[in-house]
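Before any comments, here is the structure.
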Amino acid sequence: MSAPGWPTRLASGTVEVRPLRARDLRAWCEVRTRNESWLAPWEGRPPSQRPTTWRERNSPAVFSAMLRAQRKEARAGRQLPFAVTVAGELRGAITVAGITRGAFDSAHVGYWVDQAVAGRGVAPTALALVLDHCFGPVGLHRVEANVRPENGPSLRVVRKLGFTQEALHRRYLFIDEAWRDHRSFALLADDLPAGVLATLLTG
Ligand SMILES: CC(C)(COP(=O)(O)OP(=O)(O)OC[C@H]1O[C@@H](n2cnc3c(N)ncnc32)[C@H](O)[C@@H]1OP(=O)(O)O)[C@@H](O)C(=O)NCCC(=O)NCCS
């Protein structure tokens with residue numbers, strides 16, 4: 001069984017999004033381990049589990065388990081788990097998760113990039129590709145992004161992409177050992193009639 005719009009590869013210039021694959025293991029562990037101080041303040045963990053080190057959370061075993069879980073979710077049409085590459089090198093990820101159909105047709109999106117490529121528009125470009133795909137072949141009506149008020153770079157990204165803030169979720173995700181408030185943004189399928197990437201590129 002295959003889900004609408006999955007799997008797929010999408011590209012703009014040197015930025016590409018594609019499914020994560022088993023041979024990404026070494027690159028994924030390397031980029032994640034190297035970016036601990038860059039990523040840890042923004043990534044949650046289940047509070048019911050014992051705290052683990054960053055290295056434990058980004059080990060080859062965790063990568064393999066994550067890949068298996070993501071593939072199962074993608075086949076069931078509940079996730080679109082994209083790797084982000086720049087000039088063919090693994091530099092980040094975008095996960096559209098919580099895909100809910102019926103009268104809702106909605107999802108939320110999470111994203112990160114390697115600090116080494118930060119500030120070059122990689123995340124906005126990759127997200128624009130993914131969002132156009134969500135509102136096209138996948139058939140979603142709404143995609144939400146939840147951002148900590150302290151996360152200046154991520155707030156810039158949702159702004160560049162035309163998201164609208166709709167709510168403040170109190171103590172929303174367990175991150176960095178505490179429940180953290182998040183600003184909740186959404187982009188709807190008909191918000192940008194010219195398309196997300198086209199609107200981003202024409203500024
Ligand atoms: C949020 C994130 C994905 C943005 O990716 P990006 O590809 O750098 O996005 P942009 O190039 O559009 O830069 C966004 C903003 O980051 C800031 N920035 C620019 N260069 C930077 C650098 N070298 N280092 C840190 N931040 C930088 C700027 O405020 C920029 O906004 P501007 O273009 O208006 O100046 C990235 O910062 C990241 O992975 N952060 C850690 C994980 C995270 O926060 N994920 C999102 C959780 S909601």
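Order of appearance sets the numbers: ligands from 1, and atoms from 1 within every ligand.
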**Prompt:** For atom 44 (O) of ligand 1, what is the nearest protein heavy atom, given as residue, atom name and distance?
**Reply:** Asn151 ND2, 2.7 Å

**Asked** Do Trp112 and Val84 have side-chain heavy atoms sitting under 4.5 Å apart?
**Response** no

**Prompt:** Looking only at side chains, do Glu56 and Ser59 share a donor and an acceptor under 3.5 Å apart?
**Reply:** no

**Message:** How far is atom 29 (O) of ligand 1 from the closest protein heavy atom, and which atom is that?
**Reply:** Arg156 CG, 4.0 Å

**Heavy-atom neighbours of Arg159 CZ exceed 12 at 6.0 Å** = no

**Asked** Taking both backbone and side-chain atoms of Trp112, is any N or O found less than 3.5 Å from an N or O belonging to ligand 1?
**Response** no

**Prompt:** Does a donor on one side chain sit under 3.5 Å from an acceptor on the other, for Asn58 and Thr33?
**Reply:** no

**Request:** Could you tell me whether some N/O pair between Pro153 and ligand 1 is separated by less than 3.5 angstrom?
**Result:** no

**Prompt:** So is there a nitrogen or oxygen of Pro124 less than 3.5 Å from a nitrogen or oxygen in ligand 1?
**Reply:** no

**Request:** For the pair Asn35 (side chain) and Gln115 (backbone), establish whether a donor and an acceptor sit closer than 3.5 Å, ignoring hydrogens and angles.
**Result:** yes

**Message:** Any heavy atom of Val117 closer to ligand 1 than 4.0 angstrom?
**Reply:** no

**Prompt:** Atoms of ligand 1 less than 4.0 Å from Val157 heavy atoms?
**Reply:** 4 (C), 9 (O)

**Asked** Judged by modelled atom types alone, do Tyr111 and Ser154 share a side-chain donor-acceptor pair under 3.5 Å?
**Response** yes

**Request:** Give a yes or no on whether atom 20 (N) of ligand 1 lies under 4.0 Å from any heavy atom of the protein.
**Result:** yes

**Item:** Aromatic plane relationship, Trp179 with Phe174 - under 30° parallel, 30 to 60° tilted, over 60° perpendicular
**Value:** perpendicular

**Asked** Tell me: protein heavy atom nearest atom 36 (C) of ligand 1, and distance?
**Response** Trp38 CZ2, 3.7 Å

**Asked** Can you list the ligand 1 atoms lying under 4.0 Å from a non-hydrogen atom of Leu39?
**Response** 41 (C), 42 (C)

**Fill in**
One finds that the ligand 1 atoms under 4.0 Å from a non-hydrogen atom of Val122 are 7 (O)

**Asked** Would you call Arg142 and Glu166 a salt bridge, taking side-chain N to carboxylate O under 4.0 Å as the test?
**Response** yes

**Asked** Going by distance only, is there an N or O of Gly121 that falls short of 3.5 Å from an N or O of ligand 1?
**Response** yes

**Item:** Contact check: Arg120 vs ligand 1, nitrogen or oxygen atoms, below 3.5 angstrom
**Value:** yes

**Message:** More than 12 heavy atoms of other residues, nucleotides or ligands under 6.0 Å from CZ of Arg101: yes or no?
**Reply:** yes

**Item:** Min N/O separation Lys160 to ligand 1 under 3.5 Å
**Value:** yes

**Request:** Consider only side-chain heavy atoms of I, L, V, M, F, W and Y, link residues closer than 4.5 Å, and tell whether Leu131 and Leu201 are in one cluster.
**Result:** yes

**Request:** Report yes if some N/O of Gly119 lies less than 3.5 Å from some N/O of ligand 1; otherwise report no.
**Result:** yes

**Request:** May I ask whether atom 42 (C) of ligand 1 is less than 4.0 Å from at least one protein heavy atom?
**Result:** yes

**Message:** Checking contacts here: is it the side chain or the backbone of Val113 that comes within 4.0 Å of ligand 1, counting heavy atoms only? Could be both or neither.
**Reply:** both

**Request:** Before accepting this row, confirm whether a basic side-chain N of the pair Arg45/Glu177 lies closer than 4.0 Å to the acidic partner's carboxylate O.
**Result:** yes

**Request:** Specify the protein heavy atom at minimum distance from atom 48 (S) of ligand 1: its residue, its atom name, and the distance to 0.1 Å.
**Result:** Ser154 OG, 3.3 Å

**Request:** Could you tell me whether Arg34 and Glu30 have a side-chain N and a carboxylate O separated by less than 4.0 Å?
**Result:** yes

**Ion pair check, Arg32 and Glu43, cut-off under 4.0 Å** = yes

**Request:** Under 4.0 Å, heavy atoms only, figure out whether ligand 1 is touched by the backbone of Glu43, its side chain, both or neither.
**Result:** neither

**Prompt:** Can you tell me the protein heavy atom closest to atom 22 (C) of ligand 1 and the distance?
**Reply:** Ala118 CB, 3.9 Å

**Message:** Considering non-hydrogen atoms of the protein only, which is the closest contact for atom 7 (O) of ligand 1, and what is the distance?
**Reply:** Ala123 N, 2.9 Å

**Asked** If we only count N/O pairs under 3.5 Å, is Tyr111 in contact with ligand 1?
**Response** yes

**Prompt:** Hey, which atoms in ligand 1 end up nearer than 4.0 Å to a heavy atom of Asn146?
**Reply:** 48 (S)

**Message:** Regarding Arg18 and Asp24, does a basic nitrogen lie under 4.0 Å from an acidic carboxylate oxygen?
**Reply:** yes

